[in-house]
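Before any comments, here is the structure.
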Amino acid sequence: MKKTLALLLTGILALSLALAGCSSSTSKEKDDGKGGSSEAKGGVLIYGKGGDAVGLDPAIVTDGESFIVTQQIFETLVKYGEDDTEIKSGLAKSWEVSDDAKTYTFKLETGIKFHDGTDFNADAVVKNFQRWAQSKDEGKFAYYASMFGGFEGDEGHVIKEVKAIDASTVEFTLNRPQAPFLKNLAMPTFAIASPDGIEKEGDDFTKNPSGTGPFKFKSWKPGDTIEVVKNDDYWQDGLPKLDGVTFKVIKDNSARLNAAIKGEIDLMDGLNPSDISKVTGDEKLQIFERASMNVGYFAFNVEKAPFDKKEVRQAISHLINKKEIIDNFYEGTAEPAKNPMPPSVSGYNDKIEDYDYDVEKAKELLKKAGLEDGFKMDLWAMPVPRPYMPDGQKVAEAIQASLKQVGIEANIVSYEWAAYLEKVQAGEAQSFMMGWTGDNGDADNFLYTLLDKDNIGSNNYARYANDEVHELLIEAQSTADEAKRNELYGKAQEIIHDEAPWVPLVHSLPQLAGSKTVKGFVPHPTGSQSLVNVSLEN
């Protein structure tokens with residue numbers, strides 16, 4: 001690992017474009033015609049992942065295991081570049097922004113159908129946003145509340161109105177400028193779903209989704225597989241290249257790699273850093289490295305004693321040996337984190353000095369809090385491997401051992417992934433392991449989304465609230481000048497660092513592996529992407 005992930009970002013993004021090779025694939029269908037060509041295309045790609053999707057309605061889910069599936073089925077008005085977060089046209093082919101940055105007018109692609117046969121048009125866009133804005137259900141539409149300041153009628157709500165000008169033109173009027181507005185719209189959670197499908201399926205839409213994407217939903221065997229198949233009526237000519245994708249749940253990272261080695265799957269995420277050499281030493285496999293735009297963290301529910309005391313949170317911050325965690329569990333594919341956002345994101349405050357590993361300082365702070373003899377606590381650990389934390393259970397055990405040095409007895413707790421997320425969001429956990437892969441490359445998506453008081457009950461799992469931080473983040477949202485925004489984000493990070501609602505642990509370089517028959521796969525910094533351009537070729 002070099003000095004910082006930020007320095008590596010450019011090279012990594014370029015390298016990921018080149019990671020493809022030539023070999024065979026068990027899941028590919030042979031092309032026996034056309035003069036006996038040795039090159040085969042199409043086929044069904046088998047993607048191995050560590051956990052099942054929580055649901056397939058992108059507006060509801062918040063986890064990467066779900067989004068890697070929903071991005072095959074649904075599309076957004078605008079989208080990110082293939083390997084960055086630059087804004088490109090999507091379902092909207094063009095847009096104009098008013099001088100006061102409060103009105104966005106989008107011209108939509110025409111002739112597009114949802115998978116259920118109904119028309120994609122401006123009315124469909126309006127109905128999707130009305131569904132989210134008018135719901136008032138922060139638990140259900142957590143991302144909408146996080147990214148747009150609440151719901152219709154709330155004081156901080158960014159979107160004033162969404163209306164159809166005609167069938168192919170939709171206009172957004174904002175209550176105030178929002179600098180990352182377009183980047184927010186490109187997030188997979190704001191993909192446009194079939195209004196008829198939502199009405200027909202109701203709560204079951206998350207199990208029987210309908211979008212405009214390159215693949216259609218086929219089946220879901222919970223805990224096992226999700227199948228999507230080629231959308232033969234897809235609006236972009238010549239795409240997708242695959243006949244389908246099967247997402248296969250293999251919970252253990254090593255077992256998933258063994259499946260790749262045996263040719264039972266074509267592509268996998270969650271590669272153990274310690275297993276990288278097994279991939280590089282196999283001529284049939286290739287490594288994919290995802291550019292870092294994440295943070296893995298250990299957080300406190302600041303509403304629950306004793307973590308309502310800053311001194312206790314600071315004490316534990318001094319007890320976590322991040323270097324040891326990285327050496328033992330990341331094999332050099334991560335760097336220590338000191339802020340809630342990675343160095344690759346504009347606005348990162350590198351002047352902040354991390355809490356050093358110091359047991360004596362921790363003891364002093366606990367004594368100041370009246371807890372010099374320690375205490376008992378629950379430490380929730382993730383049950384599935386995530387890009388920012390390949391083995392949450394083992395990291396939890398390392399933290400447990402560190403806390404024991406000052407008399408803190410941590411009981412490790414875990415649940416099935418969907419239940420874990422739901423319970424942590426509801427504030428049931430006393431302390432917990434979690435992480436975040438940036439959705440849009442903007443500091444707002446880390447600091448405001450994860451640590452602003454507006455988002456308690458949605459993505460602010462620590463339930464941290466600070467009025468000064470809130471004012472700084474809202475001002476940064478509403479400011480177009482990037483230098484000014486970065487200054488505001490820098491100040492917010494200083495306050496957050498002092499109050500320590502989290503112990504930021506690592507920024508990782510997630511490792512993926514696949515058959516050399518996989519072509520056109522470019523791991524996106526946001527953690528998931530459409531597989532529309534991927535093919536299986538000899």
Side-chain angles (χ1 to χ4, degrees), residues 27 45-56 61-72 188 220-228 245-262 264-276 278-279 285 287-290 292-297 325 329-331 333-334 380-397 412 414-422 424 432-437 505-506 508-515 518 521 523-529 531:
S27 63
L45 181 135
I46 302 177
Y47 189 113
K49 60 199 197 85
D52 202 0
V54 173
L56 298 180
V61 297
T62 62
D63 67 300
E65 299 290 9
S66 299
F67 283 135
I68 188 60
V69 182
T70 64
Q71 283 196 258
Q72 316 316 317
W220 186 358
K221 296 177 182 177
D224 184 17
T225 57
I226 296 175
E227 293 180 277
V228 296
V245 182
T246 297
F247 295 93
K248 175 72 175 173
V249 176
I250 305 174
K251 292 185 177 180
D252 182 73
N253 290 3
S254 296
R256 204 176 319 120
L257 176 58
N258 287 336
I261 291 171
K262 293 176 183 177
E264 295 170 353
I265 62 176
D266 300 298
L267 188 61
M268 63 163 283
D269 56 24
L271 177 67
N272 284 329
S274 58
D275 286 333
I276 290 173
K278 291 182 181 179
V279 179
L285 299 179
I287 287 280
F288 298 95
E289 191 168 64
R290 194 182 299 283
S292 179
M293 196 169 71
N294 63 38
V295 60
Y297 63 90
I325 288 172
F329 307 117
Y330 289 86
E331 300 281 330
T333 62
W380 289 34
M382 289 179 295
V384 296
R386 300 302 303 133
Y388 40 76
M389 202 167 295
D391 197 329
Q393 295 288 325
K394 288 184 178 178
V395 174
E397 289 169 9
I412 296 176
S414 195
Y415 294 89
E416 180 270 329
W417 183 226
Y420 184 92
L421 290 171
E422 182 179 351
V424 171
F432 54 92
M433 311 288 296
M434 191 56 76
W436 187 259
T437 299
L505 296 174
V506 300
S508 73
L509 283 167
Q511 306 295 308
L512 301 88
S515 165
V518 175
F521 176 69
H524 199 270
T526 58
S528 63
Q529 61 277 310
L531 301 174

So, using side-chain contact (heavy atoms from CB on, under 4.5 Å) as the criterion, who are the partners of [X] when residues are at least two apart?
| X | value |
| --- | --- |
| Glu422 | none |
| Ala513 | Met268, Leu271, Val279 |
| Lys251 | Val249 |
| Val395 | Ile325, Phe329, Met389, Ile399, Met433, Leu505 |

> Residues in ring pair (Phe, Tyr, Trp, His ring centres under 6.0 Å) with Tyr47, at least two apart?
Replying inline: Phe247
Measuring from atom [atom1] of [X] to atom [atom2] of [Y], what distance do you get when rounded to the nearest 0.5 angstrom?
| X | Y | atom1 | atom2 | answer |
| --- | --- | --- | --- | --- |
| Ile68 | Ile226 | CD1 | CD1 | 11.0 Å |
| Ile265 | Ile46 | CD1 | CD1 | 8.5 Å |
| Leu257 | Asn253 | CG | CG | 9.0 Å |
| Ile250 | Glu264 | CD1 | CD | 7.0 Å |

Can you see which heavy atom on [X] is nearest to which on [Y], and at what distance?
| X | Y | value |
| --- | --- | --- |
| Ser254 | Asn272 | OG-ND2, 3.4 Å |
| Gly51 | Val384 | CA-CG1, 4.3 Å |
| Met382 | Met434 | SD-CA, 4.0 Å |
| Ser508 | Pro510 | O-CD, 3.3 Å |
| Val61 | Gly55 | CG1-O, 3.4 Å |
| Trp380 | Tyr420 | O-OH, 3.2 Å |

Any donor and acceptor pair, going by atom type alone, linking the side chain of [X] with main-chain N or O of [Y] inside 3.5 Å?
| X | Y | answer |
| --- | --- | --- |
| Gln72 | Gln529 | yes |
| Tyr330 | Tyr388 | yes |
| Asp266 | Ser515 | no |
| Asp269 | Leu512 | no |
| Ser528 | Gly64 | no |

By salt bridge (Lys or Arg N to Asp or Glu O under 4.0 Å) - contacts of [X] (at least two apart):
| X | value |
| --- | --- |
| Arg256 | none |
| Asp63 | none |
| Asp252 | none |

Does some side-chain heavy atom of [Y] sit less than 4.5 Å from a side-chain heavy atom of [X]?
| X | Y | value |
| --- | --- | --- |
| Val518 | Leu45 | yes |
| Ile276 | Glu331 | no |
| Leu421 | Glu65 | no |
| Ser414 | Gln393 | yes |
| Arg290 | Leu509 | no |
| Ile287 | Gln511 | yes |

>> Closer than 4.0 angstrom, basic N to acidic O: yes or no for Lys221 and Glu227?
In response: no
>> Determine whether Asp52 and Trp417 satisfy the following criterion, side-chain contact (heavy atoms from CB on, under 4.5 Å), listing intermediate values before the conclusion.
In response: CA-CA 8 Å; Asp52 202 0; Trp417 183 226; over 6 Å; no
The criterion is side chain to side chain donor-acceptor pair (under 3.5 Å); which residues satisfy it with [X], sequence neighbours excluded?
| X | result |
| --- | --- |
| Thr526 | His524 |
| Lys278 | none |
| Asn258 | none |
| Thr246 | none |

